[in-house]
Number of protein chains: 2
Amino acid sequence: MVELKELSFIPDWPPGPLDTYRRQSSFDWRQLKLVLEDTNSIRLKYKVWKVLESEPLFAKSKITLSTDEQKKIAAQQMMKIAKLDIVPPEVFAMGYLPRYRFLMSVNEALHAICPSLSVKIALGVGLFQNALRAMGTEQHASFYNAAWSRQIVTCLAITEVAHGSNTKRIRTTATYNPENQEFIINTPDFEAAKCWVGNLGKTATTAIVFANLLTPDGQNHGLHGFLVPIRNPLNLQLYPGVLVGDMGEKIGLNAIDNGFAIFTQYRIPRQNLLNRTGGVTPEGEYVSVFSEPTKILGAALEGFSAGRLGIMQEATNTLAHSVVIAVRYAAMRKQFGPDKNGPEQSILNYQLHQWRIFPYVAAACVLKTSVYSLTDLYLKTVEKSEANSNGIDLLSQSVGEIHALVSASKPYYTWTARDAIQESREACGGHGYLKAANLGELRNNHDACLTYEGDNNVLGQQASNWLLRQWTDDVQSPLGTVNFIKRRDEILQSTFDQLIKRFDITSWQFINHCLEWLMCWLMNSIADDVRNQKQNGAGSFEAKNNTQVYKAKDLSIIYAEFYAISSFRLRCLKSDVAADVKPVLEIIHQIYGLWVIDRHMVPFYQGGFAIGATFAESIRSQLLRSCGGLHTEAVTIVDALAPPDYVLNSVIAKSDGLLYQNLQNEFMTNPGALERANWWREVLPFPKSKL
Amino acid sequence: MVELKELSFIPDWPPGPLDTYRRQSSFDWRQLKLVLEDTNSIRLKYKVWKVLESEPLFAKSKITLSTDEQKKIAAQQMMKIAKLDIVPPEVFAMGYLPRYRFLMSVNEALHAICPSLSVKIALGVGLFQNALRAMGTEQHASFYNAAWSRQIVTCLAITEVAHGSNTKRIRTTATYNPENQEFIINTPDFEAAKCWVGNLGKTATTAIVFANLLTPDGQNHGLHGFLVPIRNPLNLQLYPGVLVGDMGEKIGLNAIDNGFAIFTQYRIPRQNLLNRTGGVTPEGEYVSVFSEPTKILGAALEGFSAGRLGIMQEATNTLAHSVVIAVRYAAMRKQFGPDKNGPEQSILNYQLHQWRIFPYVAAACVLKTSVYSLTDLYLKTVEKSEANSNGIDLLSQSVGEIHALVSASKPYYTWTARDAIQESREACGGHGYLKAANLGELRNNHDACLTYEGDNNVLGQQASNWLLRQWTDDVQSPLGTVNFIKRRDEILQSTFDQLIKRFDITSWQFINHCLEWLMCWLMNSIADDVRNQKQNGAGSFEAKNNTQVYKAKDLSIIYAEFYAISSFRLRCLKSDVAADVKPVLEIIHQIYGLWVIDRHMVPFYQGGFAIGATFAESIRSQLLRSCGGLHTEAVTIVDALAPPDYVLNSVIAKSDGLLYQNLQNEFMTNPGALERANWWREVLPFPKSKL
């Protein structure tokens, strides 16, 4: 067991009442952890956590600080972390793929303890650098390094007050003036004010502002990025001509200083245009550049997808943390029992409770592996483009396929995490409502992921549009995610009754066939629908909009689910998977697969795949049986998903299982908990008259 | 239009861009408001809001205050409000029903602006008084009045750290000592500490503590209520022998000082036992009292249900507020359009957006009327018991039926509001994530309702258990909510194909028949399931637990939905409903009914009610058509649901429709928004080296 030794830097869980469950389980949690995560990544995350645990600036406050104080601390942390040698210089000597993996693991580790900080760094360093790579040229290299070394604090200003999803309607202008070779950035009115710009509110010194490039001939050349100085780095004073403010409190992520900006005829040098794809001559002529098309494609992909993959990795951790909390609490919490006077049973014993939580446990495992494999696809595709290989068509198709996968998956992952947090919160009852349980913080911080980097509902349409093109045109799937479409006729003819004769309901073949049928049926049905609407005079925009509900929206989700379960299965088949852990991986696969089918059951009936009670009853009773099979394994599975207690930060789910002792400590040590309120004089009861 | 004049105290909505929608609608919003709410209640709420709007102590803070500050203000508000003549003395001369309605309306008005305060008052006055009425005798009358006049601040201590839902396992003891005629209250260990007690953390002077009454002979007579002094009302110092603390921060409702208490051999006088159903003689003999059984039944009902009905009223308002925000925002927010260069369209135009929001708009209207009628049933039943009428059997059955209705409906209402808030938050995109949009506050405060006054999942089982008894034993439904069970054979034989020949899919008959079939099928299926399990050796506890998923849990929800739509229909049939508003009521009924069926579609197929595509397709395409029919009406419907802007408190949903102007004001006037952070020196970028 060489690999288990490799995880020996993780200390054993402390002994305690959870050991009863741990002893019942059939495998070692480390074996599962090695299936779900990469050893290097685990090691790195533990290193980051260890460094930060001993830094006072990163200590968690017991009480909610004012948002101003939160912003201050996050800004300090952002500077401090650059000095902590978390990303040593060697990293930059690594190849593209291991370097990116390294940075992504650091981001995951940071996000798990300081979500606002990780977003600040992602916006202020990672995405800024990506944008420079995608759109800038060598003349902007100094900004690239300056952002990394914190000589500037940066931000990306795209969204405007009145336009988010429809970026084509952005109205900020950058008008070139050949007289002094400057661009004049201007905000026509408040509706075009840049907003939701992370880091802008209080700290950014430099922004990349997206604006319409206008040449002196009055031509609008569309959106371009511009490097725009915002504050003097010596004193953080705003430069004249830009009105910048902090947007105020949000539901969560309040340590990020989201800002708005209004530019009034604000002048910047010509060189500040990010001119990779097009520039302006000193005289004011617009010049397109179309060199190195594969690099540009790769860069575009990077721009699109890196942020979304980061969100998916974070959402997967959020999902994992919420089920760790729910399972450990349910194992320790006893309520009711078969005999009124006998012992009570753990709420983990109840079928309803298992059905509420275990599918999310399975989803956490599945999504851990699938986000890893999707990231791999992504990084390798970008790497290929960097290598400037030939084969632009194939690369272009791969980019399209990855973009569709990410556009389907980012909504799916973030919604799944949203639902898991809420179910866990409710499953932990009143104690789950304590701030110290951490579920509220998880929810409020996670909530933004449903909207940023592409609104979930809008993004999903990009995936379903791509899928529809695969259906109606030729299948172009170099990554193979929709090759099944080539078997469409055979798939659409299959039925539950046939399938169940060939395959066990718990088999991957059964689950895969069901999902393939479902996607084919939906694509077919949407294509018919669009055709009919158009024949009846509807425009393409209207026809597409009117196939979202029940159809295209679901299709994109199922595509994400299908990719997720397929990559989980491939992971489980690898030779490094320990034999002991295979049975539990099997149950996880079953639960996840049957749960997915259960949640999309209506179209199976609607499309004639199933008739009568058997299909629903078999799926559902098997799902419940499989959940029952996880009862003695769940605590060990969440041990594999759990970070150290300090990171999980939940008083009701510590790894020692000492639920009530931990609550007691918490209650007794809350600041001021036991003191008389110092405002007691102001709230005294009225004097007695008769009492 | 006498009635519309009656609403003339509500000012017209200010003119603005929403008028485009308002002019398109087919009815006057006041006509709808009169269907959804009682005029007296509306008038009273507006009065409360007017009084509090001008009280500085009730002004909303723009920034989140520390929880200590929040607690102080709520405690001050609780004292202040007693002086504001919001409940004038005449109210106590009213009959039971109008008096209770009055107090409930005041609670709704308070909850809409200060949810923590309304809970504090409900716990500290209303529920305390209810508990005294239910359990106390004349010797406790002075406490009753003292709570009302704020000479004492009270709380109810039931839940313990290790026991919430299973109250039978509460372990606090009250041991009678005849020597000094005292009870000794004792907490055996931290797991039996009272917790989650609202008002206890910092302010309560008196608690009703639920403890096991032990007589000197060692007998345990079960749970009884005891009046227990906690703090000296003169200085809020804790009395010796009780360790009380504040539980710390929660997800929401942080102005409530939830506390825990540990009693150490704490002595209280014999008279402090609430001895309505049983007392202890000075010598220590336990004496049961069984007089006036109907009154006790009524009191028991009051104890059970009043708090839950209050929560349902509050949840309905929360639901209403969230859809007001979502609809007004969607009407004003434009994004994309059929022509890339042409005008953009309101997001309210998109079918997907309508389908996400309009069912919740319909639900808000339906639940407004149904919580009103359920409250009516409840109050009249309690009133009957107060009148000490005969007919104990009938009353006992009514109490059972109301308890089932409330137990099914409290989970259903609160879950529906939960989902509506979340969908609205996402539907408002990034701007919905602003604290000033108010959806985050609604969500975090509402979240507790899913757990308190009966965990939703546990409570639902009480309803399904009652329904199952109706199915397997004789139907005993004096209120008529399950009389359809008597037609079970006929109902279970019906199919979609037959029904759709007799009734239009939008008709109430069609919708009702579908829901009746669904409930009968579920009850039948559960009864079979339980029988089979028992035949295979399962105990009753296990058999019931294993019929929750897909079955009993859904049954209880559908029962609540069925009652809701039935009472909405009865309301719409009344003679006071204006002719102009009838068509829109019809669409609301359709949307709600079809949406409910859509969400429970699988069992219709599973049970053979439907086969093939037609059922699902008809329901779904009609639901989408009906949603489309609400497009021009939705703004006016939410005008009928909306409170004044000050109460709604959402910058993105003011009644003037000036979305971006209001956002501009908000951004510019947030405290410190435009200033340089006063911690700028601590976060300066590192000095340039090369840049």
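None of the values given here were measured: they were computed from a predicted structure. Computed from heavy atoms alone, side chains included, the values below leave out hydrogens, waters and symmetry copies. Reminder, nothing fancy here: chain letters follow the sequence lines and each chain counts from 1.
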**Q** Dump the intermediate steps for salt bridge (charged side-chain N to carboxylate O under 4.0 Å, His left out) on Lys71(B) and Asp246(B), then the final yes or no.
**A** CA-CA 11 Å; Lys71(B) 282 171 193 157; Asp246(B) 187 282; 2.9 Å; yes
**Q** Quick check: does any side chain N or O of Tyr433(B) sit under 3.5 Å from a backbone N or O of Thr451(A), one acting as donor and the other as acceptor?
**A** no
**Q** Sort Gln237(B) into side chain, backbone, both or neither according to what part of it lies under 4.5 angstrom from a heavy atom of chain A.
**A** both
**Q** Give, as side chain, backbone, both or neither, the part of Leu624(B) having an atom under 4.5 angstrom from any heavy atom of chain A.
**A** side chain
**Q** Checking Trp196(A) against chain B: side chain, backbone, both or neither under 4.5 Å from a heavy atom?
**A** side chain
**Q** Less than 4.0 angstrom from a charged side-chain N to a carboxylate O is my criterion; do Lys62(B) and Glu666(B) meet it?
**A** yes
**Q** Is it the backbone or the side chain of Ile619(A) that comes under 4.5 Å from a heavy atom of chain B, or both, or neither?
**A** neither
**Q** Between Ala610(A) and chain B, which part of the residue has a heavy atom less than 4.5 Å away: side chain, backbone, both or neither?
**A** neither
**Q** Checking heavy atoms, do the side chain of Gln345(B), its backbone, both or neither come under 4.5 Å from chain A?
**A** side chain
**Q** Please identify, among Pro671(A), Ala437(A), Gly252(A), the residue contributing the most non-hydrogen atom pairs under 4.5 Å to chain B.
**A** Gly252(A)
**Q** Is there a donor-acceptor pair under 3.5 Å between the side chain of Glu249(B) and the backbone N or O of Thr64(A)?
**A** yes
**Q** Heavy-atom distances under 4.5 Å only: say whether Leu674(A) touches chain B with side chain, backbone, both or neither.
**A** both
**Q** Can you tell me which portion of Gln461(A) sits under 4.5 Å from chain B's heavy atoms? Options are side chain, backbone, both or neither.
**A** side chain
**Q** With a 4.5 angstrom heavy-atom cut-off, could you sort out which part of Leu243(B) is near chain A: side chain, backbone, both or neither?
**A** side chain
**Q** What part of Leu623(A) gets within 4.5 angstrom of chain B, counting heavy atoms only: side chain, backbone, both, or neither?
**A** side chain
**Q** Answer with yes or no whether the side chains of Glu191(B) and His163(B) bring together a donor and an acceptor at under 3.5 Å.
**A** no
**Q** Which atoms of Val244(A) are under 4.5 Å from chain B, going by heavy atoms: the side chain, the backbone, both sets, or neither?
**A** backbone
**Q** Taking the six-membered ring for Trp, are the ring centroids of Phe604(A) and Phe615(A) within less than 6.0 Å of each other?
**A** yes
**Q** Please look at Asn546(A) and chain B and tell me whether the side chain, the backbone, both or neither of the residue comes under 4.5 angstrom of a heavy atom of that chain.
**A** both
**Q** Relative to chain B, which segment of Arg443(A) carries a heavy atom at a distance below 4.5 Å: side chain, backbone, both, or neither?
**A** both
**Q** If you count heavy-atom pairs under 4.5 Å with chain A, which of Asn670(B), Val153(B), Val549(B), Thr614(B) comes out on top?
**A** Val549(B)
**Q** Any carboxylate oxygen within less than 4.0 angstrom of a Lys/Arg side-chain nitrogen, looking at Glu675(B) and Lys202(A)?
**A** no
**Q** Would you say the side-chain atoms of Asp257(A) and Thr203(A) include a donor-acceptor pair closer than 3.5 Å?
**A** yes
**Q** Checking Leu352(B) against chain A: side chain, backbone, both or neither under 4.5 Å from a heavy atom?
**A** both
**Q** Side chain, backbone, both or neither: which part of Glu542(A) has a heavy atom under 4.5 Å from chain B?
**A** neither
**Q** Pick one of side chain, backbone, both or neither for Tyr660(A), based on which atoms fall under 4.5 Å of a heavy atom in chain B.
**A** both
**Q** Regarding Asp447(B) and Arg425(A), does a basic nitrogen lie under 4.0 Å from an acidic carboxylate oxygen?
**A** yes
**Q** Non-hydrogen atoms of chain B under 4.5 Å away: do they reach the side chain of Asn678(A), the backbone, both or neither?
**A** side chain
**Q** Anything under 30° is parallel, anything over 60° is perpendicular, the rest tilted; go ahead and classify Phe667(A) against Phe260(B).
**A** parallel
**Q** Is it the side chain or the backbone of Phe541(A) that comes within 4.5 Å of chain B heavy atoms, both, or neither?
**A** side chain
